[in-house]
K.L.:
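One structure follows; several queries about it will come next.
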2 protein chains.
Amino acid sequence: MAADKPTPGCCVDFAFQRIGGKYKGRILWCIHESGLQRYGQLKKSISGITPKMLTQTLRELEQDKLVHRQVYLEVPPRVEYTLTDSGRKLIPFIDYLKQWVEELVEQDPTVDLHG
Amino acid sequence: MAADKPTPGCCVDFAFQRIGGKYKGRILWCIHESGLQRYGQLKKSISGITPKMLTQTLRELEQDKLVHRQVYLEVPPRVEYTLTDSGRKLIPFIDYLKQWVEELVEQDPTVDLHG
DNA sequence: CGGGATCCCAGGAGATACTG
DNA sequence: CAGTATCTCCTGGGATCCCG
């Protein structure tokens with residue numbers, strides 16, 4: 001038990017660096033929930049995302065070991081993205097966030113989700 | 001029962017807009033956990049934040065009704081920030097995130113929290 | 001199909017100085 | 001003590017075109 005515990009603020013900061021990007025939450029959620037795991041499907045279901053951003057964000061998620069990238073050597077090429085164990089552990093928390101927003105909307109239907 | 005349910009992706013996106021800022025998580029956590037509610041105390045305990053960013057972020061949190069700002073008309077001036085009900089509901093989730101990072105560090109002590 | 005390369009810009013964030 | 005006001009810089013992210 002060598003390691004001294006990191007400070008809470010530090011952890012919160014770190015967590016947001018990992019999942020705070022513009023699309024990271026949505027991508028993780030999308031891979032998990034809809035079972036859409038292929039690049040093209042993700043692109044279609046995440047409205048507004050450009051191929052560059054999708055690729056770039058997936059690469060970051062892969063480096064951070066939240067997402068696993070499986071390439072199948074076929075023609076036409078096929079690539080599938082799945083959550084790692086670590087990534088899967090984030091799902092309950094994204095789910096919590098989602099419920100939080102749904103509550104907000106119920107209590108005040110005037111909130112603009114796209115503002 | 002008029003409102004149709006917003007899409008999940010939409011909610012996740014919205015949630016991250018509200019809490020995804022560079023310091024929002026840390027500020028919420030700090031107000032909650034350490035009981036540090038005054039501007040100067042927050043500034044001291046959130047390392048690296050500038051007065052501009054602290055003020056600006058607190059204002060956004062106030063507008064989004066996650067934080068309540070109480071001004072006391074005294075000399076010297078005193079202002080206290082507290083979590084609203086809505087803001088308080090985010091604490092479990094930030095806590096969850098914090099634990100997620102602590103687990104990461106335990107499993108791989110080489111991760112650089114400040115990278 | 002699943003990307004990569006390049007160019008470009010708004011606005012997020014820092015540094016510094018000042019104020020009621 | 002609790003902020004404001006500028007000024008500036010950097011980079012996250014968009015648009016567009018191209019590739020194996």
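What you see below is based on every heavy atom in this structure, not just the backbone, and it leaves out hydrogens, waters and symmetry mates. The chains referred to below are lettered A, B, ... by the order of the sequence lines, with proteins before strands, and numbering in each begins at 1.
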K.L.:
Let me know which of B/Leu90, B/Leu58, B/Asp64, B/Leu66 forms a side-chain contact (heavy atoms from CB on, under 4.5 Å) with B/Lys24.
P.N.:
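Of B/Leu90, B/Leu58, B/Asp64, B/Leu66, side-chain contact (heavy atoms from CB on, under 4.5 Å) with B/Lys24 is met by B/Asp64 alone.
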
K.L.:
Considering just the side-chain nitrogens and oxygens of B/Arg59, establish if one lies under 4.0 Å of OP1 or OP2 belonging to D/dT4.
P.N.:
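Yes, within the criterion.
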
K.L.:
What nucleotide, of D/dA15, C/dG14, C/dG2, holds the atom closest to the side chain of A/Thr50?
P.N.:
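For A/Thr50, the side-chain atoms sit closest to D/dA15.
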
K.L.:
Counting only side-chain heavy atoms from C-beta out, which of C/dG3, D/dG3, D/dG14 sits nearest to A/Arg69?
P.N.:
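Looking only at side-chain atoms, A/Arg69 lies closest to C/dG3.
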
K.L.:
Could you state the CZ-P distance from B/Arg26 to C/dA13, rounded to the nearest angstrom?
P.N.:
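Value for this atom pair: 12 Å.
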
K.L.:
If only side-chain N and O atoms of B/Arg38 are considered, is one of them under 4.0 Å from the OP1 or OP2 phosphate oxygen of D/dA2?
P.N.:
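So the side chain of B/Arg38 is within the cut-off, an N or O lying under 4.0 Å from OP1 or OP2 of D/dA2.
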
K.L.:
On DNA chain D, nearest-nucleotide positions of B/Pro51 versus B/Lys44: which is more 5'?
P.N.:
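That would be B/Lys44.
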
K.L.:
Please state how far atom CD in B/Gln17 lies from atom P in D/dG12, giving the value in whole angstrom units.
P.N.:
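After rounding, the gap between these two atoms is 18 Å.
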
K.L.:
Rounded off to whole Å, could you give me the CG-to-P distance for the B/Leu42 and D/dC1 pair?
P.N.:
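After rounding, the reported distance stands at 14 Å.
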
K.L.:
Nearest whole Å is fine: how far is C/dG2 C1' from A/Ile27 CD1?
P.N.:
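Whole-Å distance recorded here is 14 Å.
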
K.L.:
Which is more 5' along DNA chain C, the nucleotide nearest A/Glu80 or the one nearest B/Gln56? Just name the residue.
P.N.:
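Looking at the nearest nucleotide for each, A/Glu80 comes out on the 5' side.
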
K.L.:
Please find the pair of heavy atoms, one from B/Tyr81 and one from B/Ile31, that lie closest to each other, and give the distance.
P.N.:
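Minimum heavy-atom separation between B/Tyr81 and B/Ile31: O-CG2, 3.6 Å.
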
K.L.:
Mind checking if A/Lys22 touches a base, just sugar-phosphate, or nothing, with heavy atoms under 4.0 Å?
P.N.:
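Sugar-phosphate: the residue A/Lys22, judged by heavy atoms under 4.0 Å, touches backbone atoms but no base.
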
K.L.:
Within less than 4.0 Å of OP1 or OP2 of D/dT4, is there a side-chain N or O belonging to B/Tyr39?
P.N.:
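No, because none of the side-chain N or O atoms of B/Tyr39 sits under 4.0 Å from OP1 or OP2 of D/dT4.
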
K.L.:
Using every non-hydrogen atom in the two residues, find where B/Cys11 and A/Glu102 come nearest and quote the distance to one decimal.
P.N.:
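So the two residues come closest at SG-CG, 4.0 Å.
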
K.L.:
Rounded to the nearest 0.5 Å, what's the gap from OG1 on A/Thr55 to NZ on A/Lys43? Could you check?
P.N.:
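A/Thr55 OG1 to A/Lys43 NZ: 9.5 Å, rounded to 0.5 Å.
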
K.L.:
Which atom pair, heavy atoms only, marks the closest approach of B/Gly25 to A/Val12?
P.N.:
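Scanning both residues completely, I find the closest heavy atoms to be C-CG1, 3.7 Å.
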
K.L.:
Can you say whether the rings of A/Tyr96 and B/Phe93 are parallel (under 30°), tilted (30 to 60°) or perpendicular (over 60°)?
P.N.:
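The arrangement is parallel - the two ring planes meet at less than 30°.
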
K.L.:
Would you mind reading off the distance between A/Leu73 atom CG and D/dG20 atom P, rounded to a whole angstrom?
P.N.:
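So the CG-P distance, A/Leu73 to D/dG20, works out to 17 Å.
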
K.L.:
Ignoring hydrogens and angles, answer whether the base of C/dG14 and the side-chain atoms of B/Lys52 contain a donor-acceptor pair closer than 3.5 Å.
P.N.:
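Under the 3.5 Å cut-off, the side chain and the base do form a donor-acceptor pair.
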
K.L.:
Out of D/dG14, D/dC1, C/dG3, which nucleotide sits closest to the side chain of B/Pro77?
P.N.:
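Ranking D/dG14, D/dC1, C/dG3 by closest atom to the B/Pro77 side chain puts D/dC1 first.
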
K.L.:
Once you round it to whole Å, what is the distance between P of C/dG14 and CG of B/Leu54?
P.N.:
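Whole-Å distance recorded here is 12 Å.
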
K.L.:
Choosing from D/dG3, C/dG3, D/dG13, which nucleotide comes nearest the side chain of B/Val79?
P.N.:
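For B/Val79, the side-chain atoms sit closest to D/dG3.
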
K.L.:
Would you kindly compare B/Ile49 and A/Arg78 by the position of their nearest DNA chain C nucleotide and give the one closer to the 5′ end?
P.N.:
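First, find each residue's nearest nucleotide; the 5'-ward one identifies A/Arg78.
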
K.L.:
Tell me the interatomic distance from A/Lys43, atom NZ, to D/dG14, atom C1', rounded to whole angstroms.
P.N.:
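The distance from NZ of A/Lys43 to C1' of D/dG14 comes to 12 Å, rounded to the nearest Å.
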
K.L.:
In whole Å, what is the span from the CD atom of A/Gln70 to the P atom of C/dG3?
P.N.:
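One finds 12 Å between P of C/dG3 and CD of A/Gln70, rounded.
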
K.L.:
Considering every strand and a 4.0 Å limit on heavy-atom distances, what is the contact class for B/Tyr72: base, sugar-phosphate, or nothing?
P.N.:
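The answer is nothing, as B/Tyr72 stays clear of every strand by at least 4.0 Å.
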
